[in-house]
**Student:** 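Sharing a structure with you now.
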Amino acid sequence: MKKKVGQVTPEEKNEIQQLFERRNGLNELAKILKADNTELYEKLVKDMGETGTKFQGWWDRMAQKYQWESAENGNWEINFDTNEIYLVS
Amino acid sequence: MLQYLVIILDDTSVAYCHADNPLEERNLMPLETLKKGILFGMKQNLMIQYVFPDYALPEEYASIIESIDNVKIYPIGKKPDTGLNDESEADVEVAMDIPENVDAQNLVLRLSFSEMLKQKDEIVKLFAQGKRINLCITDVEQFADEQIEAYKQVLNEWNTALLDLYKQGQSPQFNLLTDRMMLEKMHNCEAGVSNITLAPNGKFYLCPAFYYDERMQVFNQMNHHQPSSDNSVGDLEKGLDIPNPQLLKLNYAPLCRKCDAYQCRRCLWLNRKLTWDLNTPSHQQCVMAHIERNASRDLLNDIRKVGEFMPEINIKEIDYLDPFDVRKEF
Amino acid sequence: MTKIKDSNEPWKGGMAKNITFIVTKDCQLACKYCYLVGKNVKERMPWEVAKTFIDYVLDHETDPDFAYESVVWDFIGGEPFLEIELIDKICDYIKTELFRRNHHWFNSYRFSFSTNGINYHEKAVQDFIKKNREHLSIGITIDGTEKKHDLNRVYKITEKGSYKDVVKNIPLWLEQFPFGGTKVTISSADIPYITESVLHLYGLGIHEVNINVVFEDVWQEGDDLKFEEQLMQLADAIIDGGYYQDYSCSFFSELIGKPMDPERDNQNWCGAGKMLSVDAAGNLYPCTRFAQYSLRDKDAWIIGNIKDGIDKNKIRSFLTLDRVTQSPQKCLECEVASGCAWCQGENYDAAQTHTVFQRATAICLMHKARVRANNYYWNKLYRKLELEDLREQYEANKREVKPEIC
């Protein structure tokens, strides 16, 4: 079941979309980067940690700000085209 | 509307604009072709402009040439002898260096950019002769943004000289700086619109440069797959046949139709050579024309400090040199 | 709670910089309507060319030509997946370099493919898809029923139809790209098969059918009326069968068939000049349609090369093109002008002179036929919805078919 529970601003959407894209990019880069490329590998590991933290931080911040409805075993998802937040359970 | 017919009398006729004439072998227009060309001009009510080579034409050409009112364009010091003395005010002498004397009322001075800079002080001396000076830069395509300041500077120096002449009550005419001050709308080359060129082969071309390119088999594209086999736009037998004629007009040139560098040549030949589209000017042509426009504005303002001058003309201040850079505002 | 995203709209709404690698001019097929007149097996892109090109593009991050928030790296052929090893290497290099250079496109890139689908199932292709899954957009071209597809899309030597080899890969493709759309091309001989083909594609599970008539002057007298009849049949089938709720066909759009204002609606249709393409020789083009293998009568419009970069004079006309300047009077006065497309490459190829400012109008009657059928479609659909009291609900949830900008 999918239910609209809120909406974020375009700026807020842009922030999470960029983090989402970066996280995907880092994950796919991780598949090809070898540990012997020390400099780049360390940069990647550090970035993955930072991006993950920022990603989680965005949802925490927004949930706090907007007080979206939640459900046990449910997910929130965002539609990048409409900036709407849905509760999927 | 067509007003002028340019007749290239010989393959070696003098080049009088941006393009050099690379043809070295004489190839005189046959008398019959000349007669038909003149007849075409008469029927279309066109003013004939003959372009002469640097050698004397056979005697039998003189009477034909003078069978109609005309303007003569000829190499400096080689005034054609056609047996008549009714020199036109519009006759043009063409020089590739600073001339000692200028007979005609109009001088086309064809110089490369670097030669122009070198001879800038000599050029100043021409301003006071009471002639119209048309300075034509022959390597526009080589002009680089790094030369912008040098161009601004030389125009500024010439402005000072021209201002002195205005203060003395003279009205010098120098295309790069004084034309724009007099213009309220575009006044460009208008090849194919107000003028058309007849070559010795009896075919029409937008301008002499397109004829040279065809004769030299200059390929019209960078990748050089196909020669430009035929640049002609009709002939004396079938008449004019200009494909896509609308693209020669100002309204069909997105970069030019709202531009106010009214003195710009809008050279179709350079357009095709550099951007591959006849209606689209190159960065070089736009930048040079705007440097001239802005310098004309400075000159106009300086002259007005001395007295009233062309009050109906307003050249506004702009912050770009290439209209392409502000095209979204169009 | 776990947070996921949801989006099936076109990525970045077409506002990204589009950069195309012509990786090969070879293809297994010799489609009869293919505009690529110069396909060959020789011109395969060497790795060094691809690498130098990527370096050139990434070195110019701040240049206005590349000042886009996002980028789509597009791979085209011939058949791009014939060069899957090269493509894999290119994509790995792009990802690594974007990251190493802290390039802003690392946060916003896609790899895009338009394939004939024949070797979609092969291991090398599938490995590539798994590796780059989150950044891929892949469209498989299937023209409809077996009969319609095989009418044009035939193997180059045997002239055998390719339908069976493509259709077997559709389930795998839709499993990986559930919102994948297909591109159908209509030429004169295809007109009688339009309705059955679109319905067939829906039946295969393809929800988005992007379909267009070829821009070339191939149309016979009476084709427009046959076309209109087919589209009306298709309209009936879509409405009566209820397909309009979950499926789309780009022939039907509420945005087409209106007069256009010369000032307000003056934008160019095509993105040529804003896009950038590179071929095996390292030559750069404003769009692949200006490469020599795409042109019948004109020379390639090469705007530079990977060593010297872009000659900006050669893209000035593209970036100043507008609708009014390139259109003949009949188009400017046309009462049903909106949605009537053009291809800048075909305009150039068909023009009387060396220009991109002469709009080809070979599709004029076909567009007008489409508009008539389109009007029929919307009138019929809305009447049905009103009678069923479902119009409001439909309006709220409808999938908007945007005109496909090339």
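Numbers restart at 1 for each chain; the letters A, B, ... are given by sequence-line order, proteins then strands.
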**Student:** Give the ring-plane orientation class for C:Phe111 versus C:Phe128, where under 30° counts as parallel, over 60° as perpendicular and anything between as tilted.
**Tutor:**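 C:Phe111 vs C:Phe128 ring planes: tilted.
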**Student:** Can you list everything that forms a side chain to side chain donor-acceptor pair (under 3.5 Å) with C:Asp88? Sequence neighbours excluded, please.
**Tutor:**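 By the side chain to side chain donor-acceptor pair (under 3.5 Å) rule, C:Asp88 matches C:Lys131.
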**Student:** Below 4.5 Å from any heavy atom of chain C, which atoms of A:Leu44 appear? Answer side chain, backbone, both or neither.
**Tutor:**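 Contact with chain C involves both backbone and side-chain atoms of A:Leu44.
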**Student:** Between A:Ile16 and chain C, with a heavy-atom cut-off of 4.5 Å, which part of the residue counts as in contact: side chain, backbone, both or neither?
**Tutor:**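 Contact with chain C involves no heavy atom of A:Ile16 at all.
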**Student:** Counting only heavy atoms closer than 4.5 Å, note whether A:Leu40 contacts chain C via side chain, backbone, both or neither.
**Tutor:**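 Both parts, backbone and side chain.
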**Student:** Chain C heavy atoms under 4.5 Å from A:Asn27: which part of the residue, side chain, backbone, both or neither?
**Tutor:**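 Neither part, no heavy atoms under 4.5 Å.
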**Student:** Would you check if there is a donor-acceptor pair between the side chains of C:Tyr120 and C:Gln176 at a distance under 3.5 Å?
**Tutor:**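 C:Gln176 vs C:Tyr120: donor-acceptor pair found between side chains.
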**Student:** Tell me, side chain or backbone of A:Lys31 under 4.5 Å from chain C's heavy atoms, or both, or neither?
**Tutor:**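 Only the side chain of A:Lys31 comes within 4.5 Å of chain C.
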**Student:** For C:Phe177, is the NZ or CZ atom of C:Arg133 found under 6.0 angstrom from the centre of its six-membered ring and inside 45 degrees of the ring axis?
**Tutor:**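 Here C:Arg133 passes the 6.0 Å and 45° test against C:Phe177.
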**Student:** Quick one: list whatever passes side chain to side chain contact (heavy atoms under 4.5 Å, CB included) with C:Arg391, sequence neighbours left out.
**Tutor:**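 Listed in chain order: C:Tyr382, C:Leu385, C:Glu386, C:Glu395.
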